[in-house]
There are 2 protein chains.
Amino acid sequence: MKKYSRHEAREIINELLVEIFNRILAIEGQNLKDKGIKLSMSEVHVLEAIELSEEPIMSNIAKRLGITIGSLTTAINTLYQKGYVSRDRDAEDRRKVMVGLTTKAIEVLDEHDAFHKEMIDSIFEDLELEKDQLLIESLEKLSTYFKK
Amino acid sequence: MKKYSRHEAREIINELLVEIFNRILAIEGQNLKDKGIKLSMSEVHVLEAIELSEEPIMSNIAKRLGITIGSLTTAINTLYQKGYVSRDRDAEDRRKVMVGLTTKAIEVLDEHDAFHKEMIDSIFEDLELEKDQLLIESLEKLSTYFKK
DNA sequence: TTCAAATTGTTTGAACTTCAAAACATATTC
DNA sequence: GAATATGTTTTGAAGTTCAAACAATTTGAA
C-alpha cells in the first residue's frame with residue numbers, strides 16, 4: 001500500500017468518496033432495472049425520506065432531501081400516479097399534507113434494503129476490511145462536520 | 001464515540017458516504033454560484049474529466065464520467081458555446097474528436113481546486129483527524145473493489 | 001484490393017430532475 | 001377581519017441523461 005503524506009491524503013479522500021458513492025448508486029440503479037421496478041434512484045430516495053421523516057409532510061421531506069418543496073411536489077405527483085404514495089391533508093392543521101407509503105412502496109424499499117445490505121456485506125467479506133470501527137469514526141466526524 | 005458492531009458498521013458506512021458526498025457537492029456548487037461562474041457541478045466534472053484524460057477524446061471522457069457518448073456530446077456542445085472547450089478532429093484518425101480546455105476553463109478549474117483544497121484542509125484541521133492513513137486505505141479498498 | 005464489419009461521434013426525441021416565482025389554501029395574530 | 005405567517009401547488013424554464021438512428025472513418029478478411 002502506497003504511503004500518502006498527510007497533504008496528499010486530504011486531497012485524495014474526496015476523490016475516493018465521490019468514486020465509491022457513484023458506483024454504489026449505479027449498482028443500485030441497475031438492480032432496480034433488473035428487477036423490473038420502474039423507479040429511478042431519486043424516486044427511491046424520496047420514498048426513503050418519507051419513511052425516515054418523523055412527520056412526513058412536504059416541507060420536512062423536502063428539507064431532508066435538500067430540494068425545494070416545489071421539486072418535491074412534482075416528484076410526489078408521479079409517485080402518487082404510480083401508486084407508491086398516499087396524500088392526505090392533516091386533520092389538525094389543514095395546510096399540511098401528510099405523505100404516506102403504500103404497501104407497494106414498502107415492498108420496494110424492503111427489497112432495496114435487502115439488496116443494499118447484501119451488497120455491503122459481500123464487499124466487506126471480500127475485502128476483509130479490518131478497520132470498520134476507525135473508518136466509521138472518521139466518516140462520522142466528517143459527516144457531523146458537514147451538517148453544521 | 002458509540003461502538004458499532006461489525007454488522008451495524010457495514011450498514012452505516014454507506015449512509016455516511018452518501019451524506020458526506022452530497023454535502024461536499026452542494027458546498028462546491030454554492031461556491032461556483034458565489035463567484036458568479038455560470039457552470040453547474042456536472043459541467044465542472046466534465047472539465048475535470050477532460051483534464052485528467054490521457055487521450056481526451058469523446059469516448060474516453062464519457063467512460064471516465066460513466067455517461068454515454070451521446071450525453072457527453074450535448075454537454076460538450078454547451079461548454080463549447082460557453083467558450084470552455086475546444087474541439088478538433090484527430091489528424092491521425094479523423095473519427096476521433098480531441099477535446100481541449102480553454103484558458104477560461106483552466107482558470108475555473110484552478111480556482112475550483114484551490115477552493116476544494118482549502119475546504120478539505122480546514123476540515124481536517126478542525127477535526128484533528130488522526131486516521132488519514134487508515135481511512136485512505138479503507139476507502140481505496142472500497143474504490144478498487146467497485147472498479148471491477 | 002475491396003467491401004463488410006467495427007469504431008467513433010453526432011443528432012434527435014423523450015423522460016426525468018430541479019429551480020424560482022407566482023398563485024393558492026389555510027391558520028394565526030392583533 | 002385584515003394582515004401576516006405557514007404550507008403546498010402550479011408554471012415555465014433549464015439541465016442531464018438515455019436509446020436509437022444516422023454519418024464518417026478505419027480495419028480486416030476474402
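As the structure is a computational prediction, the values presented were derived from the model and not from experiment. Order of the sequence lines sets the chain letters (A, B, ...), proteins ahead of strands, with each chain counted from 1.
Whole-Å rounding puts the A:Leu79 CG to D:dT9 P distance at 13 Å. Atoms CD (A:Gln30) and P (D:dC18) sit 12 Å apart, rounded to a whole Å. Counting to the nearest Å, the P atom of D:dT8 and the CG atom of A:Asn77 are 13 Å from each other. Computed from coordinates, the B:Gln81 CD to D:dG15 C1' distance equals 14 Å when rounded to whole Å. At whole-Å resolution of the value, CG in B:Leu39 and P in D:dG15 are 11 Å apart. Atom CD1 of B:Ile61 and atom C1' of C:dT10 are 15 Å apart (whole Å). Note: NZ (A:Lys38) to P (C:dA15) measures 14 Å, nearest angstrom. Atom P of nucleotide D:dT9 and atom CG of A:Asp88 are separated by 12 Å, given to the nearest angstrom.
One N or O on the side chain of B:Arg89 and one on the backbone of B:Arg95 form a donor-acceptor pair closer than 3.5 Å. Side-chain N or O atoms of A:Ser71 include none that pairs as donor or acceptor with a backbone N or O of A:Ile67 at under 3.5 Å.
A salt bridge links A:Lys82 to A:Glu43: one of the charged nitrogens lies within less than 4.0 Å of a carboxylate oxygen.
When each of A:Thr73 and B:Thr78 is assigned the nucleotide of DNA chain D with its nearest heavy atom, A:Thr73 is the one assigned upstream, toward the 5' end.
The only member of B:Thr78, B:Leu72, B:Thr74 that meets side-chain contact (heavy atoms from CB on, under 4.5 Å) when paired with B:Ile76 is B:Leu72.
Residue-level contact check: A:Ser42 touches the backbone only, with heavy atoms under 4.0 Å from sugar-phosphate atoms and none from bases.
Side-chain N/O atoms of A:Ser59 include none lying less than 4.0 angstrom from OP1 or OP2 on D:dT6.
Judged by distance alone, the side chains of A:Asp34 and A:Gln30 do bring a donor and an acceptor atom under 3.5 Å apart.
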Does the protein touch nucleotides 19-30 of chain C at the base, only the backbone, or not at all? Give it as B, S and - per nucleotide, heavy atoms under 4.0 Å.
BS-----BS---
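Counting only heavy atoms from C-beta on, A:Lys82 has its side chain closest to C:dC16 among C:dC16, D:dT10, D:dG7.
Residues B:Asn60 and B:Glu54 have side chains not in contact (no heavy-atom distance under 4.5 Å, counting atoms from C-beta outward). Here the side chains of A:Phe115 and A:Ile27 are in contact, with some heavy-atom distance below 4.5 Å.
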